[in-house]
Every structure is written in C-alpha cells, then in structure tokens.
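First the proteins, then the strands, lettered A, B, ... as listed; each starts at 1.
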Number of protein chains: 2
Amino acid sequence: MPFQIYSDRLMRMQPKTVREQVTNQIRDDLLSGRFEAGSMLREIELASRFGVSRGPVRDAFIQLSNEGYLAYQANRGVTVRRPPNPDDRRFITSVRKQIETHVILKGTPHLTDNSLKNVESALDRLKVACDEGKATTIALRDVEFHESILVACGGDDMLGAWRQLCSRMLLTYTRHQDYAHTYREHFEIFTPLSNKDAQSTVEAIVANIQ
Amino acid sequence: MPFQIYSDRLMRMQPKTVREQVTNQIRDDLLSGRFEAGSMLREIELASRFGVSRGPVRDAFIQLSNEGYLAYQANRGVTVRRPPNPDDRRFITSVRKQIETHVILKGTPHLTDNSLKNVESALDRLKVACDEGKATTIALRDVEFHESILVACGGDDMLGAWRQLCSRMLLTYTRHQDYAHTYREHFEIFTPLSNKDAQSTVEAIVANIQ
DNA sequence: ATACCGTACAATGTTAACAATTAACACCAA
DNA sequence: TTGGTGTTAATTGTTAACATTGTACGGTAT
C-alpha cells in the first residue's frame, strides 16, 4: 500500500518526528497569516521558538518551499510567497476541479469502509471548526476534507500536484460568512460518496470548489 | 523578481551548494533508471558515493519526495516511486497541456529578450542531446525546455504543480526513435514564441505534448 | 560628496557525533 | 511447531560545532 506523506496531519495523529511537528506548525502559522507575505523566516529564530535545533527547521523550510508556501534562495534563506493573482486563481480552481473529478470517478468503486471513515472524521473536524467560526481553521479543515477524499479514492499520483495548487489558494481563503452553509455543502459531498455514487459526488464537489 | 528554485539546473550553471549538486545528481540517476522502482535509497550509501555527509543527501531526499520521485517514510527512509498507470498518464498529459497553454497565453506579451535567450539555450541543449541520441538525456532536456518556457512566461505560480506532474511522467519517457524529429518539433515551438505569437506557440505545444 | 574597498557580523551550509527507532533474528515457553 | 520476547545491528533523527557565504557598515581615496 502506498504511503501518505502527510497522514499524520490528515488523521490528526501526533506527528512522529520533530520535523513533522515543526513543518505542521509553520504551515498552520502561514495559513493563519501570522507571517507577512514577502517577509523572511529565520532558521535560528524559529528553532529557538520551538525549542529545537536548526536541522528540523531547515527540513521544514525545504518541504514548505516545495509545497509552494515559501521561496528559497541559496545562502539567503526563505521568504513567504504571495498568493496568486485573480487570473491564475481562476485557472487553478479549474484544474483543481478536474483533478478531484478524475480521482473520484476512478476511485469511488474501490472505496473501503475504512477509507470512508477517514473522510467522515475529516468532515467531523470541519464541523467543529465551523461551529467555532474561526476562518483560518475552517480553511485548513476544508482542504483536509478534500484531501481525505483524494486519499480515500487512491489518488496518490495526483496528490502532490493538487497540494501545490491548493497551498497557494489557501493563502487567500475566502468563504461565506455563513459557516453552517460551508459545513452543509461538504456534508452534501460526503453523502453521495458514502453511497459510492461517483456522479453525484462529482457534481457536489464541482459546485463546492470556487 | 520571483526566484526560481531550480535555476541552476535550468540554466546549466554550476550548482552553488552541495545540496543542489546532490539533488540534481540523484534526480538524473532516477530519470536514467539507475535506481529500480520500489527500491530503497540509503543516506549513508549515497553520501559516501558523493563524498559528502548525510545532511545534504537528507535534504535531497526531502526535496525529491516533494517533487514526486521518492516516497518518504518516517524512520524508514525513501523508496523510488513507480510511474503512473496509463489512465492517470492520459489525464496528467491533459492537465499539462492546460497549464502550459494558460501560462503561455498570459505571459507571451511580456517576454523579454533575456528570457527568450534562456529558452533558446535550452533548445540548444536539447539539440545536442538529440544529436547524441541518448534517450534519457533527451527526456531531461525535453522537460527542461518546456520548463524554460514556463519560466520565461512568468508562470512561477504554476511551476510547482507542473513539475509534480512532469516528474512522474518522466519515469516512463517514450518518444519517437527519430530524434531529429523530436528536435524539429521543439524548434517549431520556439519559432512562434520568439515572435510573440502566442496562439501558434500553444498549437505547437499541444501537438508536441503526448 | 561619492565611489570603492575591506572588515565585521549575521545568517545559512556542512559536518560528524550522538540519540532514537526500526526490523531481523535467536531464544524460550506453551 | 508456534507464538511471543529480548537482543542486536542497521538506519534514520537530532544536535551542536565549524565553514562558508552574503550583507552592512565605515574608512579611505578621488
């Protein structure tokens, strides 16, 4: 069975290594807007903040650069990347829809109870976030829900590209103020999925992504 | 001006850091099929082969995992990923066409002489590879040519996702035996591009990607 | 005043030692 | 035989010291 790089984050398990914890923490901070776009991140500063050495922080910088959040310059460190412009944003959304559609159509027949359970718990976490009403957390859970579907449908080959696209989008996450509606929309994705109704799932997903 | 992570590889400059050299070397080896799909790569082994410490090799593993070549498991190291199945392959090709089309249509008007020169030298290197007739090198130069176009057209926001898609495709690069034809096809992409004829460039690109 | 150069400092890059984890194997008991 | 357990070797994870690079600042000559 293929291995999921971010399974710890996705399944909300305690990350095994310091590197994973640091990476997750910095990613969350980036999505929460704690770091200003264009600003530089210092290895030493973050290392001391987390109480670890520079090694894992370096690893996290490399990974987050590849995920699209940070820009890396040799001997000069990393800077926070800016969100995409509206034109690219529209295009990225279109590609995202295609990828999710492709993976769902292909993977729905092979869904297992276990993988569906992971999707369901992702939905639960989204609900908790919506109840709390904290926008940045909702954004995170939103993406994680979609990610859990891709994983459940065996879309490992697409996951990397999909994450690249989503990471940039997340930096300008905007949604209805109506958080209950946000949850309902995703619930209406899960329902047909759990019935292995690929066509309806795709329709709900395409309507959701915008 | 945004920074290009792989510019050293793209411009065929001497990589500045050991990490970049190691990353490039391992990537080339992967594309040459030196490492069998599914096999494990050992930090110590590669470090001693390159005559460096494990640090840069670790960094390279993280990066190549994020690029889609390797699969990473905590405390267990990395394995070489398998190429995508035909179904996914077709889909990936379709998305690749869309991305390149989008970036070219948007970026052609803003092309500079300098950026065009980078594309031209990428084309030159492809020609050298075609003359030599070594398939793996041609595959590499082929992708680098397309990448240089994306960079020239300012497609930084798409580059990460595009690379994710291409990296997997490269693991099963197959092309005409007629290497001269391969070069000519790419020459016919460059010509309209250098004239800032976006429409013809896109047509040539779409015909080329398969 | 301005341009140039050299020095000092602060940051990243690299290394090697040490810690923690994993997997394999031998061993023992039921 | 089988199932579990402890040991051991191999590998990755982490750290801290050291090396190198890049930037900023101040002095000097023009």
Between [atom2] on [N] and [atom1] on [X], what's the gap in Å once rounded to a whole number?
{"X": "B:Tyr72", "N": "D:dT11", "atom1": "OH", "atom2": "C1'", "value": "11 Å"}
{"X": "A:Asn75", "N": "D:dT21", "atom1": "CG", "atom2": "C1'", "value": "5 Å"}
{"X": "A:Asp59", "N": "D:dG13", "atom1": "CG", "atom2": "C1'", "value": "9 Å"}
{"X": "A:Ile62", "N": "D:dT14", "atom1": "CD1", "atom2": "P", "value": "13 Å"}
{"X": "B:Lys16", "N": "D:dT21", "atom1": "NZ", "atom2": "P", "value": "11 Å"}
{"X": "A:Glu43", "N": "D:dT21", "atom1": "CD", "atom2": "P", "value": "16 Å"}

Discussion item. I'd like to know if the side chain of A:Glu67 pairs up with that of A:Gln63 as donor and acceptor (distance under 3.5 Å, no hydrogens or angles considered).
Written reply: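 Yes, because at least one side-chain N or O of A:Glu67 sits under 3.5 Å from a partner of the opposite role on A:Gln63.
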Practice prompt. Compute whether any side-chain donor of one residue and acceptor of the other, for B:His102 and A:Asp87, lie under 3.5 angstrom apart.
Written response: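 Judged by distance alone, the side chains do not pair up.
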Discussion item. What contact category does B:Gly55 fall into here, base, sugar-phosphate, or nothing, at under 4.0 angstrom with non-hydrogen atoms?
Written reply: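 Base contact.
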Item to complete: Would you indicate what B:Arg42 reaches in the nucleic acid, counting non-hydrogen atoms under 4.0 angstrom: base, sugar-phosphate, or nothing?
Response: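 Since only primed, P, OP1 and OP2 atoms lie under 4.0 Å of B:Arg42, the category is sugar-phosphate.
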Item to complete: Assess whether one donor atom and one acceptor atom, taken from the side chain of B:Arg54 and the base of D:dG13, lie less than 3.5 Å apart.
Response: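 Yes, the side chain and the base share a sub-3.5 Å donor-acceptor pair.
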Worksheet entry | Flag side-chain contact, heavy atom, 4.5 Å: A:Leu70 against A:Leu30 |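 Side-chain contact under 4.5 Å: yes.
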Fill in: Any side-chain heavy-atom pair of B:Arg27 and B:Leu140 under 4.5 Å
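They are not in contact (no side-chain heavy atoms under 4.5 Å apart), so the answer is no.
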Hey, is [X] close enough to [Y] for a salt bridge, meaning N to O under 4.0 Å?
{"X": "B:Lys16", "Y": "B:Glu20", "value": "no"}
{"X": "A:Asp157", "Y": "B:Arg168", "value": "yes"}
{"X": "B:Glu120", "Y": "B:Lys117", "value": "no"}

Fill in: Toward the 5' end of DNA chain D, by each residue's nearest nucleotide, A:Gly51 or A:Arg76
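Checking each residue's closest nucleotide, the 5'-ward one belongs to A:Gly51.
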Worksheet item: What are the two closest heavy atoms between A:Ala60 and A:Arg19, and how far apart are they?
Response: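 Heavy-atom minimum between the residues: N-CG, 4.5 Å.
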Worksheet item: If you look at every heavy atom in B:Ile99 and A:Phe91, which pair is closest and at what distance?
Response: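 What the structure gives for the nearest pair is CA-CZ, 3.6 Å.
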Item to complete: State, to the nearest 10°, the angle formed by the axis through the first five base pairs of the helix from C:dA1-D:dT30 to C:dA30-D:dT1 and the axis through its last five.
Response: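 End-to-end axis angle: 10°.
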Worksheet item: Going 5' to 3' on DNA chain C, which nucleotide is the first and which the last to come under 4.0 Å of a heavy atom in chain A?
Response: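 Range of nucleotides touched by chain A: C:dA11 to C:dT14.
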